[in-house]
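Report on one structure; see the data block that follows.
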Amino acid sequence: MSNKKKWLTAGIAMLSVMTLAACSNSKSSNSGTTKHISLPASYTGSGKATTAGNNSTLKVAEVNDAPFAGISSPTLSTNAEDQDVFAPGGSQWGAIDGLFNVTKNYKIINGGLANLKLDRKAKTATITLRKDAKWSNGSKVTAKDVEYPYEIIGNKNTTSQQYSSDFAAIKGMAAYHAGKAKTISGFTYPDGQKGRTVVIHFTKMSPSMQYLGNSFIWQSVEPYEYYGKTPISKLASSPKVRKNPIFTGPYKLDKVVQGESTSWSPNKYYYGKKPQIKNITIQVVSSNNIVAAFKSKKYDFAAGGPNVVMPSSQYPKVKVLKDYTETGIPAMGYSYFGFNVGHMNTKTGLNVMDKNSKMGNKNLRRAMMYAVNVDAVAKKFGNGLSWRANTLIPPTFKNVYDSKTPGFKYNMKKAKSLLNKAGYKKQGKWRTDPNGKKLVIHLGAMTSSAATEATYQYYLQQWHKAGLNVKMTTGKPMEMNSFYSTIQKPKQNKIDVFLGAWSTSSEPTPTQIYGVDAPYNMGHFASKKNTQLLNSLNSNKAWNAKYRAQQFKKWQRYMNSQAAYGPEQFNLAWTPVNHRVKGYDVNAQNNEFWSNLSLTAANPK
């Protein structure tokens, strides 16, 4: 289940810790650049669910090497970890307060918290809430709750990172975003703001609107009345978001231990299938401790659903555990190299490339990509679960993924030749910049598993072989929250190249990550051609699927030619599932992930 650039949020872009994460099942599959194994997406333990089992606690591990930030709102959250620990508040995996049910291809269908009706001629989207839609505190979900996320995203003083130019297709959104209007004129309420229906008026319609995770229609609600008069700029730090949030899904939050764990019990006001398990806890466990935790049967499975982050380097140790079965699915995401080539103009909200930036020369960037052998890294640590990525669109999106693009296959000779031609000449051990000045490049990367940190050292070694003096910012890997707070600044010069990972949306348009006005475009790459290609993915012509696929492929090839962002690895999202669990299923069409789970025993077997 997934929504926009993060795990299943709602129409969102999200960040996740860069890992050599992965997936599999002794069958082997050949999408992408090398063969890898594939795993079943579901698991059901033998025997019947028992009262003792369902009355016990389902124990879920959040594999992460830092505390989670603790922002429960899908509109304000910026990383996958928060989505994971608050996931039981939504029916699908991580679609917290999600509005819609979907098919196996994430096409929106009726039957969820709300139904969606698109009218291409009138250029409207009508969202109708079900009659029994309630928050976990018993209050009614209203039309205003459907509209409020757009106010949060578009507000001039918001801390949300979700805005992109696609939202400007809503009438009045651009004026509201610029602070010229107090409301968004494109929203109308046929039965009032406390009613059940919202009509969104657009200046253009997009084919992506049919799918969950598109960047035009936000796919979750926010409790307008519950938030009260809290200013949008202060929402993310408010107790109603951090300590006592309310939800529309099958579970209500009982307790948050800040940065460490969340605990849940059934939400009696939930409209859908009644949850069977009485308690759930989700707890942070480091990537270096996760195998020992599964060995001692502390957890039933790892959090993240279709984007679970389990270190693939640990797969052989997990595979031998007798009381667990491995499940997995091609991840909606990838890890990448990002290059800092500019800044965000805080007045216009647009990313601008700096002509004289250290990483401004595309041949320097391309050389750095060719100098590292990602195939060898995947082979060493991936265990068939991760493989070199060749583009910035994951292969799980079969219709638009470009399997023919070679990407950056290791070629040190080519790397050195690109540097020579671009004027990066060697003076002693290191190369200077084209003006003959000393060149030191700073790499930013997050603390992670031993295997991932060994990979950072390998990349440094390869760049050194090419004659580039690359060092780690701060001299060592950075804690996740300080890493992101550095690269999310509108302008920074501490990190020149960084390693990150995206959990993408279930609709692959990348405007919210790489658009000219996307806050997530943290390397600040912006060009007319990029904007043109991104716009073409959802133009009127793009209702023709063949044209749309062609434009997606053109965009992938263009991004590789510029190398402002370089694809690193694709992976399978995998987790062991304990044999007491029944009904674990991360397929998209499982619109009742949490309610379909049950347990055959009081403790993990």
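Identified under the ring pair (Phe, Tyr, Trp, His ring centres under 6.0 Å) test for residues 261-282, with sequence neighbours left out: Phe247-Trp264. The stretch residues 231-251 participates, sequence neighbours left out, in these side chain to side chain donor-acceptor pair (under 3.5 Å) pairs: Asp97-Thr248. Annotation: salt bridge (charged side-chain N to carboxylate O under 4.0 Å, His left out) contacts involving residues 142-152, sequence neighbours excluded, comprise Lys144-Glu147, Lys144-Glu151. Residue pairs meeting the side chain to side chain donor-acceptor pair (under 3.5 Å) criterion with at least one member in residues 166-185, sequence neighbours excluded, are Asn155-Tyr176, Asp166-Ser215, Asp166-Thr511.
Looking at His524 and Asn340, their side chains come closer than 4.5 Å, going by heavy atoms from C-beta outward. Between Ile71 and Thr78, the closest side-chain pair of non-hydrogen atoms is not below 4.5 Å. Counting heavy atoms from C-beta outward, Met173 and Tyr150 have side chains that approach closer than 4.5 Å. By the 4.5 Å heavy-atom criterion applied to side chains, Thr327 and Val586 are not counted as neighbours. Using a 4.5 Å heavy-atom cutoff, the side chains of Thr447 and Met480 are not in contact. You'll find the side chain of Gln314 reaches within 4.5 Å of the side chain of Val291, heavy atoms only. Looking at heavy atoms from C-beta onward, Trp135 lies out of side-chain contact with Tyr226 at the 4.5 angstrom threshold. A 4.5 Å side-chain heavy-atom check between Lys140 and Leu129 finds every atom pair outside the cut-off.
Tyr324 is linked by a ring-ring contact (aromatic ring centres under 6.0 Å, His included) to Phe294, counting only residues two or more places apart in sequence or in another chain. The salt bridge (charged side-chain N to carboxylate O under 4.0 Å, His left out) test applied to Glu225 returns Lys194, not counting sequence neighbours. Partners of Phe216 under the ring-ring contact (aromatic ring centres under 6.0 Å, His included) rule, at least two apart in sequence or in another chain, do not exist in this structure. Remark: Ser139 pairs with Asn137 by the side-chain hydrogen bond (donor to acceptor under 3.5 Å, both in side chains) rule, at least two apart or across chains. With sequence neighbours excluded, no residue forms a salt bridge (charged side-chain N to carboxylate O under 4.0 Å, His left out) with Lys298. Considering only residues two or more places apart in sequence or on other chains, Lys297 meets the salt bridge (charged side-chain N to carboxylate O under 4.0 Å, His left out) condition with Asp323. Qualifying salt bridge (charged side-chain N to carboxylate O under 4.0 Å, His left out) partners for Asp191, counting only residues two or more places apart in sequence or in other chains: none.
The two atoms that bring Val63 and Ala302 nearest to each other are CG2-CB, 4.1 Å, heavy atoms only. Nearest heavy atoms, Gln512 versus Tyr520: O-CB, 3.5 Å. The shortest non-hydrogen separation linking Gln488 to Gln161 is NE2-OE1, 3.3 Å. Smallest separation of non-hydrogen atoms from Ser73 and Val241: N-CG1, 4.1 Å. What you find for Pro306 and Ala573 is that their closest heavy atoms are O-CB, 3.3 Å. Listed here is the closest heavy atom pair of Ala69 and Asn79: CB-ND2, 4.3 Å.
No side-chain donor from either of Ser485 and Ser482 sits under 3.5 Å from a side-chain acceptor of the other. No side-chain N or O of Glu568 forms a donor-acceptor pair with one of Tyr334 less than 3.5 Å apart. Side-chain contact, Ser505 with Glu507: no donor N or O sits under 3.5 Å from an acceptor N or O. Counted by atom type alone, Arg580 and Ser56 present one or more donor-acceptor pairs between their side chains at under 3.5 Å. For the 3.5 Å distance criterion, the side chains of Asn521 and Tyr565 qualify, holding a donor opposite an acceptor. Donor-acceptor pairing under 3.5 Å is recorded for the side chains of Glu222 and Thr75. Side-chain contact annotation: Asn351 with Asp517, donor-acceptor N/O pair under 3.5 Å absent. No hydrogens or angles considered: nothing links the side chains of Ser598 and Asn54 as a donor-acceptor pair under 3.5 Å. With hydrogens and angles left out, the side-chain atoms of Asn481 and Glu479 include a donor and acceptor closer than 3.5 Å. For the 3.5 Å distance criterion, the side chains of Ser386 and Gln569 qualify, holding a donor opposite an acceptor. Asn115 and Thr128 form no side-chain donor-acceptor contact under 3.5 Å, judged by distance and modelled atom types alone.
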Show the numbers, then the answer: is there a side chain to side chain contact (heavy atoms under 4.5 Å, CB included) between Leu235 and Leu76?
CA-CA 8 Å; Leu235 262 182; Leu76 293 163; 3.7 Å; yes
Could you walk me through whether Ser287 and Asp65 pass the side-chain hydrogen bond (donor to acceptor under 3.5 Å, both in side chains) test, one step at a time?
CA-CA 6 Å; Ser287 55; Asp65 295 297; 2.8 Å; yes
Test side chain to side chain contact (heavy atoms under 4.5 Å, CB included) on Phe498 and Met478; report intermediate values, then the result.
CA-CA 11 Å; Phe498 53 92; Met478 299 167 77; over 6 Å; no
Could you walk me through whether Trp93 and Asp84 pass the side chain to side chain contact (heavy atoms under 4.5 Å, CB included) check?
CA-CA 8 Å; Trp93 179 278; Asp84 288 352; 4.0 Å; yes
Does the pair Ser265 and Asp254 meet the rule for a side-chain hydrogen bond (donor to acceptor under 3.5 Å, both in side chains), with working shown?
CA-CA 7 Å; Ser265 60; Asp254 293 331; 3.0 Å; yes
Derivation of the side chain to side chain contact (heavy atoms under 4.5 Å, CB included) call for Asn288 and Ser449:
CA-CA 6 Å; Asn288 290 324; Ser449 65; 4.1 Å; yes
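For Trp502 and Tyr336, the ring centers sit closer than 6.0 Å to each other. Ring centers of Phe301 and Tyr584: under 6.0 Å apart, within the cut-off.
With a 6.0 Å radius and a threshold of 12 heavy atoms from other residues, nucleotides or ligands, Asn55 has its CG atom above the threshold. More than 12 heavy atoms of other residues, nucleotides or ligands shown are found within 6.0 angstrom of OH on Tyr227. At most 12 heavy atoms of other shown residues, nucleotides or ligands fall within 6.0 angstrom of atom NZ in Lys494.
Remark: Asp82 CG to Ser77 OG distance equals 4.5 Å, nearest 0.5 Å. Atom CD1 in Ile277 sits 5.0 Å away from atom CG in Leu597 (nearest 0.5 Å).
For Thr57 (side chain) and Lys59 (main-chain N/O), no donor-acceptor pair under 3.5 Å exists by modelled atom type.
By the 4.0 Å N-to-carboxylate-O rule, Lys134 lies too far from Asp132 to be salt-bridged with it.
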Distance-only criterion, 3.5 Å: show the donor-acceptor pairs between side-chain atoms of residues 278-285 and protein atoms not counting sequence neighbours.
from, atom 1, to, atom 2, distance (Å)
Gln283, OE1, Tyr299, OH, 3.1

